[in-house]
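Every heavy atom of this structure was used, including side-chain atoms; hydrogens, water molecules and symmetry mates were not. Naming convention: chains lettered A, B, ... in sequence-line order (proteins, then strands); numbering from 1 in each chain. Keep in mind the model is a prediction, meaning the values are calculated, not measured.
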Protein chains: 2
Amino acid sequence: MATRTDAPTRREQILKEAARLFAERGFHGVGVDEIGAAVGISGPGLYRHFPGKDAMLAELLVGISDSLLTGAKRRLAEADGATGSGADAGGPGAVLDSLIEGHIDFALDDRPLITLHDRELDRLRDADRKMVRQLQRQYVELWVGVLREVYPALAEPAARSAVHSVFGLLNSTPHLGRPGSLPGRAVTASLLHRMARGAFAAVGEA
Amino acid sequence: MATRTDAPTRREQILKEAARLFAERGFHGVGVDEIGAAVGISGPGLYRHFPGKDAMLAELLVGISDSLLTGAKRRLAEADGATGSGADAGGPGAVLDSLIEGHIDFALDDRPLITLHDRELDRLRDADRKMVRQLQRQYVELWVGVLREVYPALAEPAARSAVHSVFGLLNSTPHLGRPGSLPGRAVTASLLHRMARGAFAAVGEA
DNA sequence: CAGGGCGGTTAGCGGTCGTTAACCTGAGGG
DNA sequence: CCCTCAGGTTAACGACCGCTAACCGCCCTG
């Protein structure tokens, strides 16, 4: 796949600005005119790119969930391949670290999307909501499986609760102040990573 | 103060139902007619109790923030008194445990309010929003102070980030399934408590 | 150089929302 | 016995919102 250096298409501009606005003021709190103005066109011009306001939210939420799940699957496969072929410092702990790292990257780089992800799900039409819910569930179950490999004594319901709670922890990035006031991306990522591991350890090594 | 055994007043009914509805569908997603219907009166009847829809949200959010801060101050005072008078198993660690316990109680018992608390803040008028923000900031700083007593090596910005992140963890209760599907309140509370302590330890004992 | 369609524009429609106005009723006190 | 007033009701207004209709210019192609 080519790393895209192209200018973003108009459609992508719209999605990005819509995500920001939805995250800031809520889906119902943003008008189509505002979304249009954010990309330099006005109101109804959006309907050349999307069938409606709902469709923008749907594409955003499905995209987020799918991207998270796809990334996690890729990391899982990479780690399994590594541990299978060579005797490096891998193992289930490394896979868990990789999942955490991926989620943190997402939470730090796409804050508006992380905000929308657990906030505006109920505004979707039934079909879209079911799809997003299914992707989210797969993502959670993937984490639960890896977590229980690291801590085999952990029962499944507890593992699931722990995963949801750590998502809450990692998704707290929007509350950590604007990107400028952060002590640096790497520092924040490391802090979140250690806290997530600590939280898991506290419930897994009971 | 008398522990209230009275039937809830109409005003309290309205606030409770409004909180539930706002949490479910967002502030802009709920009409005044629905709030009225939820308490058995209809639409404009609400204006005998509140000057407007905004005022309901404002009272809810200020109430939450104030209640959290007041409870935390009380716990801090109680713990300080205990450690000051006798040589029991207290100390800053016990204070931190008490803060965590209080926050968990709130997150488990008032899920709609916890949801609103970090979701609809921007819908407030400037004055109200400033007040809520100030209460929230005091609450955070109180936690930061206690946390840095437990882990003196922890720098202040890191401590503040850690507190926000643990709030994210504790406030994940709305995602843990409906109250019925939980493995029992005490079990969930214990799990959250251990995870919070583990997360703090992981960043404090670096 | 004609023409078609992509990507815009403005005007406006229908519905919904928060709020106000005007009216009503039943209980309590002088 | 009347008056007041708290706590409702319905009707309606004005604003806003999502979306459609109708129109238009530019670029690309045959």
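Terminal axes of the helix from C:dC1-D:dG30 to C:dG30-D:dC1 (five pairs each, C1' rotation axis) are separated by 0°, to the nearest 10°.
Between A:D105 and A:R185 there is a salt bridge, with a side-chain nitrogen of the basic residue lying less than 4.0 Å from a carboxylate oxygen of the acidic one. With respect to A:R137 and A:E141, no salt bridge is recorded, no charged nitrogen being found less than 4.0 Å from a carboxylate O. Between A:R11 and A:E59 there is a salt bridge, since a side-chain N of the basic residue sits under 4.0 Å from a carboxylate O of the acidic one. Between A:D97 and A:R197, at least one side-chain N (NZ, or NE/NH1/NH2) sits under 4.0 Å from a carboxylate O, which counts as a salt bridge. Taking 4.0 Å as the cut-off between side-chain N and carboxylate O, B:E78 and B:R74 count as a salt-bridged pair. Using a cut-off of 4.0 Å between Lys/Arg side-chain N and Asp/Glu carboxylate O, B:D122 and B:R133 are scored as salt-bridged.
Using a 30° and 60° split on the angle between ring planes, B:H103 and B:F167 fall in the parallel class, below 30°.
Between B:H49 and D:dG8 there is a side-chain polar atom (N or O) within less than 4.0 angstrom of OP1 or OP2. Distances shown here put every side-chain N or O of A:R11 at or beyond 4.0 Å from the OP1 or OP2 atom of C:dG7.
In this entry the distance linking CD1 of B:I41 with P of D:dG8 reads 5 Å, nearest Å. Atom P of nucleotide D:dC26 and atom CZ of A:R10 are separated by 17 Å, given to the nearest angstrom. Remark: P of C:dG8 and CG of A:L46 are 9 Å apart, rounded to the nearest angstrom. Atom CZ in B:F50 sits roughly 12 Å away from atom P in D:dG7 (whole-Å rounding).
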Would you tabulate the nitrogen or oxygen pairs shorter than 3.5 Å linking the protein to nucleotides 18-28 of chain C?
from, atom 1, to, atom 2, distance (Å)
C:dG18, OP1, B:V30, O, 3.2
C:dG18, OP1, B:K53, NZ, 2.4
C:dG18, OP2, B:V32, N, 2.9
C:dT19, OP2, B:Y47, OH, 2.3
C:dT19, OP2, B:K53, N, 2.9
C:dT19, O5', B:Y47, OH, 3.1
C:dA22, N6, B:R48, NH2, 3.4

Side chain to side chain contact (heavy atoms under 4.5 Å, CB included), that's the test. Do A:Q136 and A:D118 meet it? Break it down for me.
CA-CA 10 Å; A:Q136 286 182 346; A:D118 73 311; 6.0 Å; no
